[in-house]
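We number each residue from 1, following the sequence as shown. Just follow the structure's listing: the first ligand is 1, and inside any ligand the first atom is 1. Predicted, not measured: the structure shown is a model, and the values here were computed from it.
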Amino acid sequence: MADVLCIGGTGTVGRPVVDGLAARGVSVRCLTRSADRAGASDDGVRAADGAAAADGGVEFVLGDLEQPDTLGPALEGVSRMHLLTALHPREAELGIGAIDAAAEAGVERIVFHSAHRAHAAPHIPHFASKMEILATLETSGVPWVTIEPNHYFQNDLWLRRSLEAGVYPAPLGAVGLHRVDVRDIADATVNALLDDGHAGIRYPVVGPELLASEDVARVWSDHLDREIEYVGDDLDAWEARAGRRLPDWLVRDLRVMSEHFLSDGLIATEEDFATMSHVLGHAPRVFDDFVAETVAAWSGGGAS
Ligand SMILES: NC(=O)c1ccc[n+]([C@@H]2O[C@H](COP(=O)([O-])OP(=O)(O)OC[C@H]3O[C@@H](n4cnc5c(N)ncnc54)[C@H](OP(=O)(O)O)[C@@H]3O)[C@@H](O)[C@H]2O)c1
């Protein structure tokens, strides 16, 4: 029997959320589309016949938001749900399906992973999806909280090859973003799932500094000890590169988001920081520390 169902619990944000819940003694069930993961716990113990595999408080269960029939069994006995919807052309429909299934199963709290200031840029398709899902949450009858993170520091982990070649290619622009460490997003999510007093609150989760592209390139330059050139403002070049590895719908969506970052940034207000402090419980992590740790890990000197 699990206390919390994590949808998205095997991804970038979900993994530290699951770890944080387990560290607080909560039993967690993770939905995954991977039969391998669902059939084996981390220590390789297999569960019989597709049953959930136990892993000292964390179990993995086979399921897919695209197959709503898989959600009922995954929700059995669960009182809280973390809902993280991956980027998908039907993200809103899939998220709404999960809320409907949770309401049907009697779930008592949903914490939904949205995006910072999604309401301010509904022309970005995946921001619009987040707002559609929120509208359903608000009328679902299930107590809810949203976690609304800025751009993750950890997105830069995908850029290792470019950085090692002296280039920062992600389109961040000169206005700046209050980028945030995924570990802070996870801390806020765990608190929202387990502690009282958060119902109905939309929590921005943001980093402490406004980081423009030149700031980000400079921090990487300092720690890699080489000149890093920012080249992200050329969105046609970005699109040509992204189109080699991502589907067309996603390239279009991310291009609209990048245009928004270049024109408006993604900026936190004083009110955002004040609101966040109620759920985070500590000061947000600093980009310079993330880069220092990452460079140490890449050179074999520390954890990533
Ligand atoms: N990147 C950013 O800077 C940023 C900032 C703010 C908000 N966001 C939002 O954060 C979300 C992405 O989070 P992330 O980076 O942690 O994701 P991620 O690392 O890409 O992981 C995606 C997770 O979703 C699960 N998943 C994918 N499709 C699924 C389906 N059909 N049914 C059930 N589970 C499914 C995957 O599980 P399996 O593969 O195990 O099935 C995995 O656990 C997006 O909604 C994005 O808009 C991102």
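- Checked against a 6.0 Å centroid threshold, the rings of Tyr203 and His198 count as neighbours.
- Using 4.0 Å as the threshold, Val182 has no heavy atom nearer than that to any atom of ligand 1.
- Remark: ligand 1 atoms within the under-4.0 Å shell around heavy atoms of Lys130 are 44 (C), 45 (O), 46 (C), 47 (O).
- Taking every non-hydrogen atom of Thr32 and a distance limit under 4.0 Å, the qualifying atoms of ligand 1 come out as 38 (P), 40 (O), 41 (O).
- Taking atom 6 (C) of ligand 1 as the reference point, the nearest protein heavy-atom neighbour is Pro149 O, 3.3 Å.
- The closest approach between any non-hydrogen atom of His88 and ligand 1 is not below 4.0 Å.
- Taking the six-membered ring where the residue is Trp, Phe127 and His260 present perpendicular rings, their angle passing 60° and hence far from 30°.
- In terms of protein heavy-atom proximity, atom 31 (N) of ligand 1 is nearest to Asp64 OD1, 2.8 Å.
- Side chains of Asp253 and His126: a donor-acceptor N/O pair is present below 3.5 angstrom, by distance only.
- When hydrophobic clusters are built by joining Ile, Leu, Val, Met, Phe, Trp and Tyr residues whose side-chain heavy atoms come closer than 4.5 Å, directly or via intermediates, Val231 is not grouped with Leu177.
- Comparing Phe153, Trp158, Tyr152, Phe112 by heavy-atom distance to atom 13 (O) of ligand 1, the nearest is Tyr152.
- The distance criterion of under 3.5 Å between nitrogen or oxygen atoms is not met by Ala86 with respect to ligand 1.
- Between the side chains of Tyr168 and Asp156, at least one donor N or O lies within less than 3.5 Å of an accepting N or O.
- Listed by chain and number, the hydrophobic cluster partners of Trp158 come to none, as no ILVMFWY side chain reaches under 4.5 Å of it.
- A donor and an acceptor atom, one from each side chain of Glu271 and Thr269, are nowhere located under 3.5 Å apart.
- Side-chain atoms of Asp272 and His116 form a donor-acceptor pair, as typed in the model, at a separation below 3.5 Å.
- Which parts of ligand 1 touch His113 is read off a 4.0 Å heavy-atom cut-off, strictly below it: atoms 7 (C), 8 (N), 9 (C), 10 (O), 11 (C).
- The distance from ligand 1 to the heavy atoms of Asn155 drops below 4.0 Å at these ligand atoms: 1 (N), 2 (C), 3 (O).
- Against a heavy-atom cut-off of under 4.0 Å, Arg37 is close to the following atoms of ligand 1: 40 (O).
- In this structure, atom 17 (O) of ligand 1 lies nearest to the protein heavy atom Leu84 CD2, 4.0 Å.
- In terms of protein heavy atoms, atom 33 (C) of ligand 1 is closest to Leu65 N, 3.6 Å.
- Scanning both residues, Val13 and Val182, for their nearest heavy atoms gives CA-CG1, 4.0 Å.
- The His126 neighbourhood of ligand 1 comprises atoms 47 (O), with distances under 4.0 Å to a heavy atom of that residue.
- Near Asn150, the atoms of ligand 1 lying under 4.0 angstrom from a non-hydrogen atom of the residue are 5 (C), 6 (C).
- The shortest N or O to N or O distance between Ile7 and ligand 1 is not under 3.5 Å.
- Residue Arg33 touches ligand 1 through backbone and side chain together, judged by heavy-atom distances below 4.0 Å.
- Of the options Val205, Leu266, Thr10, Leu83, the smallest heavy-atom separation from atom 37 (O) of ligand 1 is shown by Thr10.
- Annotation: atom 21 (O) of ligand 1 to nearest protein heavy atom, Gly11 CA, 3.4 Å.
- For ligand 1 and His151, the ligand atoms under 4.0 Å from any heavy atom of the residue are 3 (O).
- Annotation: atom 23 (C) of ligand 1 to nearest protein heavy atom, Gly8 CA, 3.7 Å.
- Distances between N or O atoms of Val13 and those of ligand 1 include at least one value under 3.5 Å.
- Defined by atom type and a distance below 3.5 Å, a donor-acceptor pair is present between the side-chain atoms of His88 and Glu66.
- Side-chain contact check for Asp288 and His223: at least one donor-acceptor pair (N or O, by modelled atom type) lies under 3.5 Å.
- For the pair Val107 and Ser79, the tightest heavy-atom approach, listed with the atom from each and the gap, is CG1-O, 3.5 Å.
- Checked against ring-ring contact (aromatic ring centres under 6.0 Å, His included), His151 has the following partners two or more places apart in sequence or in another chain: Phe261.
- Counting protein heavy atoms only, atom 45 (O) of ligand 1 is closest to Thr85 O, 2.5 Å.
- In the model, Ser27 has a side-chain atom that pairs as donor or acceptor with a side-chain atom of Asp3 under 3.5 Å.
- Ligand 1 lies less than 4.0 angstrom from a heavy atom belonging to Glu91.
- Among the atoms of Ser114, none of the N or O lies under 3.5 angstrom from an N or O of ligand 1.
- Counting all heavy atoms, side chain and backbone alike, Ile267 lies closest to Leu210 at CG1-CD1, 3.8 Å.
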